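For reference, the structure discussed in these notes is given below.
Whatever order the structure lists ligands and atoms in, that order sets their numbers, starting from 1. Because the structure is a prediction, the values reported are computed rather than measured.
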Amino acid sequence: MPRENDSEAKRAKGGEYTAANIQVLEGLEPVRKRPGMYIGGVSSAGLHHLVWEILDNSIDEAMNGHAKDITVTLHKDGSSLTVSDDGRGIPVDKHPTHKKSALEIIFTTLHAGGKFEGENYKTSGGLHGVGASVVNALSTKLIATVKRDGAEWQMEFRRGLAQGGLKKVGAARGSGTTVFFQPDPSIFPRTEFEASIIRERLEVASFLHRGVKIRFVDEPHRKDEVFKAEQGIVDYLKKIIESRGHKPIHDAPFTLVKENGAKVEVTFQWTESTDEHVRSYVNGIPTGSGGTHEMGLRSAIGKAVRNYVETHELAPRGVTLTAEDIREGFVSVLSVYLAEPQFQGQTKDRLNNPEIQAYVDSAVRPALEQWLNSNRSVAEQIVARIVLAARAREASRAASAAISRKTATSGRLTLPGKLSDCSSNLREKTELFIVEGDSAGGSAKQGRDREHQAVLPLRGKVLNTESVVLAKVLENKELADLVVALGCGIGKDFDISRLRYARVILLADADSDGHHITTLLLTFFYRHLHELVKQGKVYVGVPPLYRIDVAKETFWAVDEDDKARILKKLGKDETKVDITRFKGLGEMMPKVLWETTLSPKSRRLLRVEIADALQTDKIINQLMGKDPSERFQFIMEHAEDAVDIDV
Ligand code: 0RA
C-alpha cells in the first residue's frame with residue numbers, strides 16, 4: 001500500500017487521498033533479485049504471500065468502510081488468480097510531479113514502511129506493507145482494472161514492467177478494483193496455489209472482518225463459496241467450539257472491542273473440554289505461537305476470575321485454583337491491530353511488542369470482572385467448572401507424577417522393558433520407532449541402526465484418547481510406557497527439552513488395522529502431547545505394500561497407485577513381473593525392512609503437521625467416533641496433505 005508523504009498526508013487526512021500522497025521510493029529490481037527478502041521465501045508460503053498481499057489491499061478498503069464484497073477467483077490453471085472488490089477503485093489521476101497515475105505508482109514502486117508509519121494500521125498479510133508492487137515484480141503478468149468516475153481503466157504489466165500506459169477501456173457503473181496476476185515460474189519452483197490454504201485464509205478473514213462478504217471461486221475444483229460472518233469473531237468462536245465437539249458451559253460468550261491507539265477484539269467462552277484453546281491474530285495474521293497479546297489475555301482472565309472467586313468466597317476449603325484450572329475448557333478468539341507489530345520466533349508467528357500485554361490485560365480485566373458480577377448465574381457455572389478442573393488436576397497429578405518419577409533425568413531411568421533403546425547419546429541423531437505388535441517389533445529390532453534407532457513395540461489396541469482426561473489416559477499401560485520412553489513427561493510435567501529422541505516415528509502395517517493404530521496414536525499425540533506435533537517431532541513411516549521384481553531389479557510400492565505408476569514407468573504389465581504383497585511389517589526380512597522403511601537414505605517419512613487447526617480438530621473429533629474404515633481414509637488422504645515428505 002502507498003506510503004504517505006508527511007505534509008501531503010496531513011492534507012489527505014479527511015479521506016481525500018489522491019496521487020499526490022504517494023511517495024515514490026525505488027524500482028522493483030531488488031525484489032526480483034532477492035524475492036526472499038520481500039516475501040520470506042519462494043516456497044509455498046512465499047507463493048501464497050502474493051495472494052495475501054493483494055487480498056489485504058481489498059480488505060483494507062473494506063475495513064475502512066468503502067468495500068463490502070470481495071471475490072477471489074483461483075483460475076482453472078491453478079497458477080493464476082484474481083482478487084476484486086467493490087471499493088473506491090485505485091486512483092487513476094496523474095501524480096503532479098511524477099506524471100504517472102497513482103495506479104502505476106502503486107504497482108511499480110517499492111513502499112518501504114507502508115501504512116505502518118501513519119495512523120492507519122495494515123489489516124492482514126504476512127509481509128507488513130510491501131504491497132502490490134512486490135506481487136507485480138514477481139508475476140509474469142498482472143492486470144489491474146479499476147472502475148471509477150463512470151469509466152473502466154486498465155493497465156497491464158509483465159514482470160513488473162508496464163506494457164503501455166493506463167487505458168480507458170470503456171464506460172462503467174459503480175466502482176472497484178480488480179487485480180489479476182500470474183506468479184513467475186522463473187522465481188517460484190511451483191506456481192500452483194493450494195485452494196485449501198486460500199479457502200482457510202478467506203474464511204478466517206471473513207470472521208475477523210465482520211460483515212465483509214468474501215467469495216471464493218475455486219475453478220480447479222469447481223467450487224464456489226461465500227464467507228460472511230454477521231457476528232465476526234463470535235461466529236468464529238462458535239464454529240471452533242462446534243468443530244472441536246465441545247459443549248459450552250454457559251450461554252453467551254464474553255465479547256469486547258476496545259480501540260485506543262491499538263485495537264483489541266476478543267471473545268471467549270468456557271466449555272466442557274479439558275484443554276484451553278486460544279486462536280490469536282495480529283493485524284489479521286495468525287499468531288500460532290502466541291505472544292504478548294495472548295499473555296495479556298491470560299493474565300487478565302486469571303486475575304479477574306480469581307478476584308471474583310475471592311470476593312464472593314467461592315473456593316471450597318482445601319482446593320487451590322491455579323491459572324491452568326481457571327483456563328481449562330477456555331476457548332477464545334483474540335484479534336489485535338497495531339501500528340508496528342514485531343514478530344519473533346522461528347516461524348515469525350509470535351507477537352513480541354511488550355506494550356501490548358498491559359494493553360490487552362487492562363482492557364479485558366475490568367470488563368470481565370464487570371461481566372461476571374452482572375451475570376451471576378453464568379459466573380457460578382464458570383467457577384464450578386474451574387473447581388472441578390482443580391479437583392481433576394489433583395487426581396491427574398498423582399498419575400502423571402508417577403510417570404515423571406520414572407522419567408526424571410537425574411538418577412536411574414526406569415525405561416519400559418519392551419523398549420529396545422539406541423546406544424548413541426547424540427540426541428539430535430536418534431529416533432524412536434513406535435511399531436505395532438511384537439513380530440513387527442522383532443523385525444524392526446533386528447533391521448534397525450542400533451546406534452541411532454530405538455524401537456518400542458505396542459501390543460494390541462491403543463486406547464482412544466479423544467475426550468479422555470489425562471489421569472485415565474495414563475492408566476493405559478501402552479501409553480504410559482510410551483510416555484516413559486519419550487522422557488518428556490506429560491500434562492503439567494511436560495518438558496520438551498527432556499524428549500529423548502530427535503524424532504518419533506509411528507510405524508504400522510499398510511493395512512486398515514495399521515491405519516487405525518496410527519490414527520489412535522496421532523489422536524493421543526494431538527490431544528495430550530500437542531507440543532511434539534506442533535514442533536514437528538512426530539512422523540509417520542510409510543512401509544511398502546508391494547515388492548516388484550523385474551529381471552534383477554527390485555522396486556517397492558507403498559500402495560496401488562504407486563504400484564501402477566511404477567509399472568507404467570517400466571512399461572510392463574502385471575503379468576510380466578513378479579509382485580509380492582506384504583501382509584505386514586512382521587513378515588519382512590529385517591534387511592528388507594531396513595532398506596525400504598528404516599534407512600534414512602531410502603525410506604519415505606511423512607511429517608505430521610497441523611496445517612489447518614480448524615480442519616484437524618474437526619476431522620479428529622468426527623473420526624474418533626466412527627468405524628475403522630473411515631479412519632483409514634483419513635490417514636491415507638490427510639497424512640499426505642498434512643505433511644512434509646522426505647526428511
Ligand atoms: C489509494 C487511494 C484510494 C483507494 C485505494 C488506494 C485503493 C486501493 C486498492 C487496492 C485494492 N483495492 C483498492 N481499493 C482502493 C482512495 C481514492 C479515493 O479517495 O477515491
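Near R148, the atoms of ligand 1 lying under 4.0 angstrom from a non-hydrogen atom of the residue are 17 (C), 18 (C), 20 (O). Near N57, meaning under 4.0 Å from any of its heavy atoms, are these atoms of ligand 1: 10 (C), 11 (C). Near E61, the atoms of ligand 1 lying under 4.0 angstrom from a non-hydrogen atom of the residue are 7 (C), 14 (N), 15 (C).
With rounding to the nearest 0.5 angstrom, the NZ atom of K348 is 14.0 Å from the OG1 atom of T287.
Contacts of D60 with ligand 1, taken as heavy-atom pairs under 4.0 Å, are absent altogether.
Residues satisfying the ring-ring contact (aromatic ring centres under 6.0 Å, His included) criterion with F157, sequence neighbours excluded, are F107. Under the side-chain hydrogen bond (donor to acceptor under 3.5 Å, both in side chains) criterion, K213 pairs with no residue, sequence neighbours left out.
The environment of Q370 atom CD is sparse: at most 12 non-hydrogen atoms of other residues, nucleotides or ligands sit within 6.0 angstrom. The number of heavy-atom neighbours closer than 6.0 Å to CZ of R32, taken from other residues, nucleotides and ligands shown, is above 12.
Summarising the contacts of atom 8 (C) of ligand 1 with D149, L103, V179, I90, the nearest heavy atom is found in I90.
Contact between H66 and ligand 1 is absent, with no heavy atom of the residue lying under 4.0 Å from the ligand.
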